Amino acid sequence: MKAADYVTLLRVCSKTKDLQRGIALHDDIVKRHYVEACSDALVIMYAKCGRIFKAEELLVLHKCRSVAAWTALIAAYVRIGQGYNAVDCYDQMRHHGISPDAVAFVCVLKACASTRALEKGLEIHEEIISEQFVGYNIMLGNALVDMYAKCGAVHKAHDVLKGLPSRNVITWNALITGYAQGCKGEQALLCFEQMQCEGVSPDAVTFTCILKACGCIGAVEKGEQIHDEIVRCGYLKKDLILGTALVDMYAKCGAFPKAHEVLEELPFRNEFCWSALISGYAEQGYGQQALLCYEAMKHDGLSPCRVTYLSILKACGSLKARELGEQIHEEIGRQGLLKEDTMLGNALIDMYTKCGTLSKAEQLLDELSVRDVVSWSTLIAGYSKQGQEEKAFISFERMQDEGITPNVVTFACILKACGSTGANDKGEKVHEEIIRQGLLDNNLLLGNTLVDMYSKCGALGKAQQVMEELSVRDDVTWNTLIAGFAQHGQCEQALSSYEYMQQDGFAPGKATFLCLLKACGCIGAFLKGEQIHEKMTRLGLSNNDTMLSTALVDMYAKCGALEKAYHVLRELPVQNEVSYSALLGACERQIDVKAGRWAFEHAVQANKNDALIYAQMANIYAAAGMQEDAELVEVMRLENEAW
DNA sequence: GTAGGGTTAG
């Protein structure tokens, strides 16, 4: 046999991934001194059969200069998920002066996509453009679209797609996936329309991505339409991935009966489709249903996988099912799933914090072989929620000592702890750090949390300043500030902030009005209160909301406008003891027996006679010197209680 | 060259 024959045989091994035969051929090649002539083919064979180190060793040893050999190695790294090594390999190839071909570009773009290496991806895109690459084809275009989409630069992906000389269903799928993954459902749907206008028919992959987009934005009607189309195409009989996407879409939209129906009708089920349903329940707080599905899945003869466990742990957390959570923990440990699986570890930490066993959560965190910013943030959130702010602060320190940089979530948790303990100085330091990291730009949540922290600490000037400096704000920002002023008795400022809020283009809502009414009542601002009442009526808010109506009664009562107060109370669709009690409280302060008696009698008639109302009425009589009546009310209270 | 279920806050 000649060297060329060995090359042919090696190519067959590469295709069939026949490593044994490849090794045997390698031996023969060495014996016959054909190595130089066969080195490229050998590298490719080893790379394709997964022997990356052997491939790399030969590549270096024989100073291979063929793009194909280098590309095979790059592709092998991509396959095993080592994108960084793939990019490294590509750089080395260029360093040796070897020009990439279309396949090499595609492989390295894939590596960039998998490692979210946008910078590198841009660099490679530049290379393709500047070298006026002649081998440009639709596959390369698709790889570019995919790279940008996966790196989160969907707009860039869309631009590339627009500039391509031709595009096919794969181009569109890559873009739609990008939009779906970024939860840009509307844009995904627009692309779905546009591709069909261009005469490109959707395939099973398109439907999968578009269902994901629907689920993300809760577009259940659109999802149902797609479902019909899928059934018409007959895809569901053979494509379990599509079935899973359907179950997922319905579950995410909260359409659980439909999700069950689809699951039942699938030709067969695996742990993926069950997990989609379980996660939908767990995500939306239906822990009990999640557990029932988990049982059903096991009954179906399937074993839970790591993603199933992630959802189940969430369910245990929301149900505070500590014992079951511990059982699952043991089960995961027995299966050796916890090793180096930080996400699963984090889900366990979260479960333990939600079940109130913070010590166990911290112990687990210490035991994790790899912990990340999520592990720490979870623990910090747990301590903060349980009112153990001091431990939250300590954990925050420990995390940074360990060299882990806090992210937006960590900062939000720690600011919450600062707010509830009034730790203004600590909050200021965190604020500085947030600015230093440039996290405040365009981050509404963090901005609002900062305003809230300063408000809770009573540093309202600072809260106002932060709000004014925010690059983006919304109604929540304003409500937070107004609530802060109202909470700290700075009622005029609360009311003037309301004016500024409207000037800033934001409409007041329920939360705003609750604070404003409180502020008006507090300073007896009757006219302003009346204005706000009118505004609420214009917005249609005051007549159907018990909380708001109660706040109105309270405001008028506190302003001494008892007539107005019981007028509002009379109009209430549902009269509750709180509103009567608010009115009686005002009567008590003003010792207004007549109004008090009116409110009391109506409360009793409306069956809203709880103990507080009797006590308040008795107080009014007593304050007015009507001792006998006071005692009578007391007797009525006892009778009512006995009854 | 494109596709399924997933951890922290709000």
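So you know, we letter chains A, B, ... as the sequences are listed, proteins then strands, and number each from 1. All values derive from a computational prediction rather than experimental measurement.
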Atom pair distance, as rounded to whole Å: CG in A:Asp146 and C1' in B:dA3 | 11 Å

To the side chain of A:Phe272, which of B:dG6, B:dA3, B:dG5 is closest?
-> B:dG5

Taking only residues two or more places apart in sequence, or in another chain, which ones meet A:Gln335 in a side chain to side chain donor-acceptor pair (under 3.5 Å)?
-> A:Tyr309

SG to SG, are A:Cys112 and A:Cys151 under 2.5 angstrom apart?
-> no

Any side-chain donor near an acceptor of the partner, A:Asn407 and A:Thr410, under 3.5 Å = yes

Nucleotide nearest A:Gln181 (side chain, heavy atoms from C-beta), chosen from B:dT2, B:dT7, B:dG4 | B:dG4

For A:Lys298, does the NZ atom have more than 12 heavy-atom neighbours from other residues, nucleotides or ligands under 6.0 Å away?
-> yes

Quick one: is A:Lys416 getting a side-chain N or O under 4.0 Å of the B:dA9 phosphate, OP1 or OP2?
-> no

Look at atom CD of A:Glu295 and say whether more than 12 heavy atoms of other residues, nucleotides or ligands are closer to it than 6.0 Å.
-> yes

At under 4.0 Å between heavy atoms, what does A:Thr378 touch on the DNA or RNA strands: base, sugar-phosphate, or nothing?
-> sugar-phosphate

Rounded off to whole Å, could you give me the NE2-to-P distance for the A:His329 and B:dT7 pair?
-> 18 Å

B:dG4 phosphate, OP1 or OP2, under 4.0 Å from A:Thr208 side-chain N/O = no

Would you mind reading off the distance between A:Asp350 atom CG and B:dG10 atom P, rounded to a whole angstrom?
-> 12 Å

Salt-bridge present (A:Glu433, A:Lys429; N to O < 4.0 Å) | no

Crowding at CZ, A:Arg322 (>12 non-hydrogen neighbours, <6.0 Å) | no

A:Lys360 and A:Gln363: side chain donor to acceptor below 3.5 Å | no

Is any side-chain N of the basic residue among A:Arg371 and A:Glu402 closer than 4.0 Å to the acidic one's carboxylate O?
-> yes

Within the structure shown, what part of the strands sits under 4.0 Å from A:Cys273 by heavy-atom distance: base, sugar-phosphate, or nothing?
-> nothing

Checking all strands, does A:Asn168 fall into the base, sugar-phosphate, or nothing category for heavy-atom contacts under 4.0 angstrom?
-> base

Could you give the CG-to-P distance, from A:Leu365 to B:dT7, as a whole number of Å?
-> 18 Å

Considering only heavy side-chain atoms of A:Glu271, the closest of B:dA3, B:dG5, B:dT8 is B:dG5

Which of residues 434-456 of chain A sit near DNA chain B, with a heavy atom under 4.0 Å from it?
-> A:Leu445

Give me the ring orientation class for A:Phe105 and A:Tyr90: parallel if the planes are under 30° apart, tilted from 30 to 60°, perpendicular past 60°.
-> tilted

Just how far, in rounded Å, is P of B:dG4 from CG of A:Leu211?
-> 11 Å

Whole-Å distance separating the CD1 atom of A:Ile176 from the C1' atom of B:dG4 = 16 Å

DNA chain B contacts made by residues 381-402 of chain A, counting heavy atoms under 4.0 Å = A:Ala381, A:Lys385

Among residues two or more places apart or on two chains, list those pairs meeting side chain to side chain donor-acceptor pair (under 3.5 Å) that have a residue in residues 174-187 of chain A.
-> A:His158-A:Tyr179

Of residues 184-194 of chain A, the positions that come close to DNA chain B - non-hydrogen atoms, cut-off under 4.0 Å | none

Can a side chain N or O of A:Lys314 be found less than 4.0 Å away from OP1 or OP2 on B:dG5?
-> no

Spacing between A:Met147 atom CE and B:dT2 atom C1', to the nearest angstrom = 15 Å

Return the set of residues passing ring pair (Phe, Tyr, Trp, His ring centres under 6.0 Å) with A:Tyr250 (not counting sequence neighbours), or none when no residue passes.
-> A:His227

Just wondering, are more than 12 heavy atoms of other shown residues or ligands nearer than 6.0 Å to CZ in A:Phe393?
-> yes

Quick note, A:Val205 side chain, CB onward, closest among B:dT2, B:dG6, B:dA9 is B:dT2

How close or far is atom P of B:dA9 from atom CG of A:Leu379, stated in whole angstroms?
-> 12 Å

The nucleotide from B:dT7, B:dG5, B:dG4 with an atom nearest the side chain of A:Leu240 is B:dG4

Could you please name the option among B:dG5, B:dG6, B:dG4 that lies closest to any side-chain atom of A:Arg306?
-> B:dG6

